[in-house]
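Data block below; observations after.
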Amino acid sequence: MTSEANTSTAPAHPPRERYDPSTIEPRWQARWDELGMHRTDLRDDTRPKYYLLTMYDYPSGDLHIGHWSIKVPTDAISRYRRMNGFNVFFPVGFDAFGLPAENAAIKSGVHPATWTMANIERMRGQLRSMGATFDWEAELVTATPEFYRWNQWFFLKFLEKGLAYRAMAPVDWCPKDQVVLAREQVEGAERRCWRCGTPVVKRDLEQWFYRTTAYADELLEYPGLDWPEPIRTMQRNWIGRSEGAEVEFTVAPDEVQPGGDNIRVFTTRPDTLFGATFLVLAPEHALVDSLTHPEQRDEVDAYRLASRRKSEIDRLSTDREKTGVALGSDALNPISGERIPIWIADYVLLGYGTGAIMAVPAHDARDFAFAQRFELPIRRVIQAHGQEEALVEDAFVAHTPDEVLVDSGPFTGMPAPEGASAITETLESRGQGKGSVTYRLRDWLVSRQRAWGTPIPVVYCEAEPSCGVVPLGEDQLPVLLPEDFEFRPQGGNALEFDERFLRTACPRCGGVGRRETDTLETFVDSSWYWWRYLSPKEDDAPLDRDLVDRWCPVDQYTGGAEHAVMHLLYSRFFAKALADLGLISEREPFRRLFNQGQILGQDGERMSKSRGNVQDPDELVQRFGADTVRLFLMFMKPWEADAPWSATGIGGVHRFLSRVWTVVLDPHGTEASESESGGQAGGDAEMDPPAARRELLRLAHRTLRDVSELYEGYRFNVLIAKLMELTNGLMRARGTAVAGSGEWQESIRLTLLMLAPLAPHMAEELWSRRLAEAGEGWRSVHAERWPAWDPALITEDTVELPVQINGKLRDRVSLPLGLSQADIEGAVMGREKVRANLAGKEVVRVIHVPDRLVNIVVR
RNA sequence: GCCGAAGUGGCGGAAUGGCAGACGCGAUGGUCUCAAACACCAUUGAGUGCAAGCUCGUGUGGGUUCGAAUCCCACCUUCGGCACCA
């Protein structure tokens, strides 16, 4: 039908302008900047607010493709929400304290601040090339005094409120270099120092803690939050709330010590108290020394030393053979009076519960393994109700519902839960125990023995013993880091050797004082930075209460699942603590959370500079343009999935954008080969023009429906596939009578609007050309309203129904919508293929899923 | 080890109880070209058949269901976290 038109217009058609992102992209970036399009008016209340936050970056130096894959889809959300009428705030900043800057300082002698700021400067430029809608006016850098002074301020508030305290805690220590090591600086199963290879030991230091356990129960709740279930599960398990009882055993007198000391144990199963056949203390437990018999002394000391060298993961590993040593002393069971031996073993941790357990080998897998290894008695005290067979000795019994106590004195025969409370009550009445709850969650150790961090604002008075540890006054903040540092080759905290930093007057007595040299770990910075984004230059307060109340909680937070537990729990802790300090109103920081996946190096490992597997986006941006790189990152995998990096396939995405370019700017052209190969392929060509035009518009609206829904679920890879299908449809209609029609124009308009959040530069360019062509003034495509799809347009009047026989596909029937089940069955049964397949068989049942399928069950 | 997640064509992935492999890459053949590149068109899970078709097929083994990639149980492999990398 259109072949004559094609051949007659083709020669007169001017050569098509090629898609050239290298001229388009910088031009629009400059224009958006000039217009301040991405600056958010935080006081604008004419539109609903939308606080979009993406985890800020550590300024390692180069922005790699992984940074892009975090930020690009978040930027698409930002643009999509703007088009949906929201006032979006999308800030950017840098998590600028931390170990790598200090390592660089050790290596090259350059000040960590110099190294960090140079990296930030470089990354700013790379971030800008992305064409993202970051509000650079709100940028913050945590390593500047304007930011970190407020860490100090919060520290003082927490101290006042009892949420910060000082206690002993172990660190990894290199005995040769005399420095504290970070976990990543301890290498291999041997746990050796990364620099000198010396085996690392644990050393106890006085350190600062934030009392996260004060909110343990509240942290288990997620009121009104839209968080992924796996993340909540991980957090709940991390908090690890256990209900049970504390039971007091008494040390039995013997020839070495008089006895009478109390050993408190925590158990989740007080109902098994009669089955306790030994006690186990953590090797670090305070009573170990006094309870050790002389003949056991050497073995006990050796064991305690060995366990100091092990990592916690090692100690808790359940498949490794159990180790332990008997102390020689015994304890008395408070309820049965039974005398049982006391052991130490490294699978019991000092920091959990009371640092001591009663071992019930018959009913706990770890105790069972331990008892077997050391031939300790195993006594069964729980049995399934009504089970008559003799008690089996020497066997671990898994818990089942419907259990009763056996061999448990007066409690025998009680159902297990009842037995637990009865035993707990009895203990409580005698002052030998009580119901108790314990948590796996520990208080947050915020001290770091490093120079490149927030100095902790306290002074140790050396003049007057009664002063002790003295917090600075608010008016004495900030405690500034020195302008120059002396980093020693073996590492260690440079602040400890900086006399100008160390020497200060005691704030209480004015005498000689020494500053705290520990700094706050960087998770402290990341626990409140989103409030600071709202007023990054504010001098008088950490945050602007009015703006925080207006904008928080954050509507959408995006970042890696590697932060599932620590960062996200610390942030929630801060929200609760600040609310209790009266500084903010909301108790939760992030309303909706999305954990995107990571792009790994080509080796399948996490991308990092030290591994040398970092992929630089700059070259790809130069070759294909930012829009193509953006689109490719969103197309190559579901956002939440991890995947190793490979640029294979980026050409396909670039071709897709070129096709969009072609259908918009050259609707009537044809490819040189098309006339030769028979014109337009596909069904549309056979349709009469009005039907083909309607079909195109139907496709566009169906795409709009799907794409709108897919944006809401952040399913960018599928969304882009839908846009490709629409573009393929436009490509097929190009050069036919459909091209240029009203339906065509509308389909093009929808395509550009749907594409705008993903490929913002190209969409803007093509949008502006269409406006110019129509003689209209310029408006940004990004300021347009998101279009609505027309339900009437996309309803189908027929449906193609798959027909299965015994679940196997045998035929397809095209039927009008809304037929009765009887009519459908009639139509299906009449089909030749169906009849052939049913020959000689008995129809047992017909399953009809409306508009989905028919399944005939035969025998 | 413990907690969490994921295993689908040659590759990235789609389909989350109802037509497995959308979309893209790669590959093969073709059109255009002096030629190549680009672009465009066609084919492309495996096996089998002249063909209509048939059989097999979603990490492995079992189960539930008229029907399972999808739900349940066990196992294997990979990834993230395990409290001083950020």
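Values in this document were obtained by computation on a predicted structure and should not be read as measured data. Only this structure's heavy atoms are used, side chains among them; waters, hydrogens and symmetry mates stay out.
Looking at heavy-atom distances under 4.0 Å, A/Arg320 makes no contact with the nucleic acid at all. Note on A/Met724: only backbone sugar-phosphate atoms sit closer than 4.0 angstrom, heavy atoms only; bases stay farther off. Within the 4.0 angstrom heavy-atom criterion, only backbone atoms of the sugar-phosphate kind lie near A/Val718; the bases stay farther away. Contacts of A/Arg859 with the nucleic acid, taken as non-hydrogen atoms under 4.0 Å apart, are absent. Nucleic acid contact for A/Arg448: base, since at least one base atom lies under 4.0 Å from a heavy atom of the residue. Here A/Arg442 lies in heavy-atom contact (under 4.0 Å) with a base. Here A/Arg659 lies in heavy-atom contact (under 4.0 Å) with sugar-phosphate atoms only. Residue contacts shown for A/Ile847 include a base, since a base heavy atom lies under 4.0 Å away. Base contact: A/Val180 has a heavy atom under 4.0 Å from a base atom.
Salt bridge A/Arg715/A/Asp706: absent, no basic N to carboxylate O contact under 4.0 Å. Using a cut-off of 4.0 Å between Lys/Arg side-chain N and Asp/Glu carboxylate O, A/Glu229 and A/Arg232 are scored as salt-bridged.
On the P atoms, B/G81 is 31 Å away from B/G17, given to the nearest whole Å. For B/U48 and B/C34, the P atoms lie 43 Å apart once the distance is rounded to whole Å.
Distances shown here put a side-chain N or O of A/Asn728 below 4.0 Å from the OP1 or OP2 atom of B/G24.
The residue from A/Thr517, A/Thr519, A/Asp518 that alone fulfils the side chain to side chain donor-acceptor pair (under 3.5 Å) condition with A/Ser447 is A/Asp518.
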